[in-house]
Structures are given as C-alpha cells and as structure tokens.
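One structure below.
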Amino acid sequence: MSPEQSSKRASIYEKLALKDKLESNKQRQSLLLLSEELKKNRQIETQLSSLIEQNNNEVGAKTGMTLQTASWFNTKVRDQLELVQNRCQHLEIEIGEMRKKLAYAERRRVRKTEKAEALYKQARQTRQDRQDAALSERGRRPRIR
C-alpha cells in the first residue's frame, strides 16, 4: 500500500474515531440525565417511605371515617411507592445498558485511533524507506568525470 493510500485510510479512521467520540459524548449526556432522574426518584421513594412510616406510627382514637381516610391515603401512597420503585429499577437497568454501550463505543474509538496512528506510522516508514533507497542508489552510481 502506498503512503498516500495509508494516509488516506488513516484520515478516514481518524474521522470515524471523531464520530465515535461525538456519539460517546451524547451517550455521556444521556447517562448523566438518567442518573439525575434516578437520584430524584430515590429521593421521592425515601419521602414516600417516610410518609407510610409516619402514617403507621400515628396512634390515637379514630373514628370510622378517619380510619377509612387513613386506609385510602396509605393505599395511594403505597401505590405511588411501588410505581417509583419500578421506575428506579427500570432506570438502573437502562443505566447499566447505557454504560455498556458507552464502554463499547469508547473501545471502538480507541481501536480506530490506534489503527489511524499505525497507518500514519506505516506511511511515514514507507516514505522514509523510499528516501533511504533513493539516497543509497545515488551513492552506488559511479561518478562520471
């Protein structure tokens, strides 16, 4: 392969690596958003759990209506807690998958960058070899006086 072809291929690999870098940056931003969303849901989960705990700890004389209202409130809070827990579980799975994709994209980018560097090195070496061969040919020719 000629040095020009190697340089051209290396340039293509560099551009592909840059494309992968952009993709990785987008994935990082998405991962950050998912992490923030998970953090918010964890806070909501903690708040709902504390509400359930407070409701269960209330002791005192209650009428039928207050017991019914407390039961309704407890049911609604537990439903919301279950919903938030499911959302957190889903977000954790999604974050794990996103991290795998990000690691894979980073590895692809590194391989493409390494390939581009190797092709550039090969092109430089080929050029240097040609120059060395041309210089040695000049030295071998008999001088005409």
Side-chain angles (χ1 to χ4, degrees), residues 1-140:
M1 182 181 315
S2 73
E4 294 79 23
Q5 290 173 331
S6 290
S7 294
K8 188 173 182 178
R9 285 186 68 199
S11 172
I12 290 170
Y13 276 109
E14 275 186 336
K15 290 175 184 173
L16 289 172
L18 284 174
K19 181 181 174 187
D20 283 345
K21 187 175 182 179
L22 289 173
E23 181 182 325
S24 294
N25 287 339
K26 287 179 184 177
Q27 287 179 345
R28 277 191 189 93
Q29 289 174 349
S30 297
L31 184 61
L32 181 63
L33 288 173
L34 287 175
S35 296
E36 289 174 2
E37 185 69 25
L38 180 62
K39 184 179 176 182
K40 288 177 187 176
N41 281 320
R42 290 286 181 209
Q43 290 173 347
I44 293 171
E45 181 181 17
T46 304
Q47 291 172 351
L48 290 173
S49 296
S50 67
L51 276 176
I52 290 173
E53 218 174 277
Q54 287 174 358
N55 194 29
N56 289 338
N57 290 338
E58 290 180 10
V59 179
K62 297 187 178 187
T63 63
M65 189 60 147
T66 57
L67 288 174
Q68 185 179 3
T69 304
S71 175
W72 176 85
F73 176 76
N74 197 8
T75 303
K76 291 294 180 183
V77 172
R78 287 187 189 276
D79 288 345
Q80 289 296 318
L81 180 61
E82 183 180 353
L83 182 74
V84 169
Q85 287 173 338
N86 289 339
R87 193 178 302 150
C88 288
Q89 189 178 29
H90 175 71
L91 285 171
E92 286 173 348
I93 292 169
E94 201 169 330
I95 286 172
E97 290 173 2
M98 184 76 71
R99 285 185 178 149
K100 286 179 189 176
K101 287 179 184 178
L102 182 61
Y104 181 71
E106 276 297 312
R107 183 63 191 140
R108 270 193 345 249
R109 184 186 66 77
V110 167
R111 282 194 313 241
K112 288 175 184 174
T113 303
E114 289 172 351
K115 182 70 173 177
E117 289 172 2
L119 287 170
Y120 277 133
K121 185 177 179 181
Q122 178 185 3
R124 282 192 303 272
Q125 185 64 41
T126 305
R127 282 189 196 108
Q128 186 65 40
D129 290 346
R130 285 183 183 175
Q131 288 174 352
D132 291 347
L135 286 174
S136 67
E137 284 296 318
R138 287 186 204 161
R140 290 185 193 164

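Just so it is clear, the structure is predicted and the values come from calculations on it, not from any experiment.
R107 places a side-chain heavy atom less than 4.5 Å from the side chain of R111. Side-chain contact check for R99 versus L102: every heavy-atom pair is 4.5 Å or farther apart. Looking at heavy atoms from C-beta onward, M65 lies in side-chain contact with Q68 at the 4.5 angstrom threshold.
E4 CD: more than 12 foreign heavy atoms inside a 6.0 Å radius.
Here the shortest heavy-atom pairing between D20 and A105 reads CB-O, 4.3 Å. Contact detail for L48 and V77: the closest heavy-atom pair is O-CG1, 3.7 Å. Looking at every heavy atom in both residues, N55 comes nearest to A70 through ND2-O, 3.6 Å. Closest of all the heavy-atom pairs between L38 and C88 is CD1-O, 3.6 Å. A pairwise comparison of heavy atoms in T113 and A17 identifies OG1-CB, 3.5 Å as the closest pair.
One N or O on the side chain of S35 and one on the backbone of L31 form a donor-acceptor pair closer than 3.5 Å.
For the side-chain contact (heavy atoms from CB on, under 4.5 Å) test, residues two or more places apart in sequence or in another chain that qualify with Q131 are Q128. R109 pairs by the salt bridge (charged side-chain N to carboxylate O under 4.0 Å, His left out) definition with E106, not counting sequence neighbours.
In this structure, the separation between CD on E14 and NZ on K21 is 11.5 Å, given to the nearest 0.5 Å. In this structure, N41 CG and L83 CG are separated by 8.5 Å, a value rounded to the nearest 0.5 Å. Note that OG of S6 is 10.5 Å distant from OH of Y120, once rounded to the nearest 0.5 Å. Once rounded to the nearest 0.5 Å, the distance linking CZ of F73 with CD1 of I52 reads 8.5 Å. The structure places CD of E36 at 12.0 Å from CG of L91, a figure rounded to the nearest 0.5 Å. Rounded to the nearest 0.5 Å, atoms CG (N86) and CG (L81) are 9.5 Å apart.
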Working for side chain to side chain contact (heavy atoms under 4.5 Å, CB included), residues K19 and K15: CA-CA 6 Å; K19 181 181 174 187; K15 290 175 184 173; over 6 Å; no
Worked check of side chain to side chain contact (heavy atoms under 4.5 Å, CB included) between Q122 and R9: CA-CA 11 Å; Q122 178 185 3; R9 285 186 68 199; over 6 Å; no
Criterion side chain to side chain contact (heavy atoms under 4.5 Å, CB included) on S30 and K101, from CA distance to verdict: CA-CA 12 Å; S30 297; K101 287 179 184 178; over 6 Å; no
Verdict with supporting geometry, R42 and E45, salt bridge (Lys or Arg N to Asp or Glu O under 4.0 Å): CA-CA 5 Å; R42 290 286 181 209; E45 181 181 17; 2.9 Å; yes
Intermediate values then yes/no, side chain to side chain contact (heavy atoms under 4.5 Å, CB included), K76 and Q80: CA-CA 6 Å; K76 291 294 180 183; Q80 289 296 318; 5.6 Å; no
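Y13 pairs with exactly one of K8, E114, K112, E117 by the side-chain contact (heavy atoms from CB on, under 4.5 Å) rule, that one being K112. The one candidate from R87, E92, E94 that meets the side-chain hydrogen bond (donor to acceptor under 3.5 Å, both in side chains) condition with H90 is E94.
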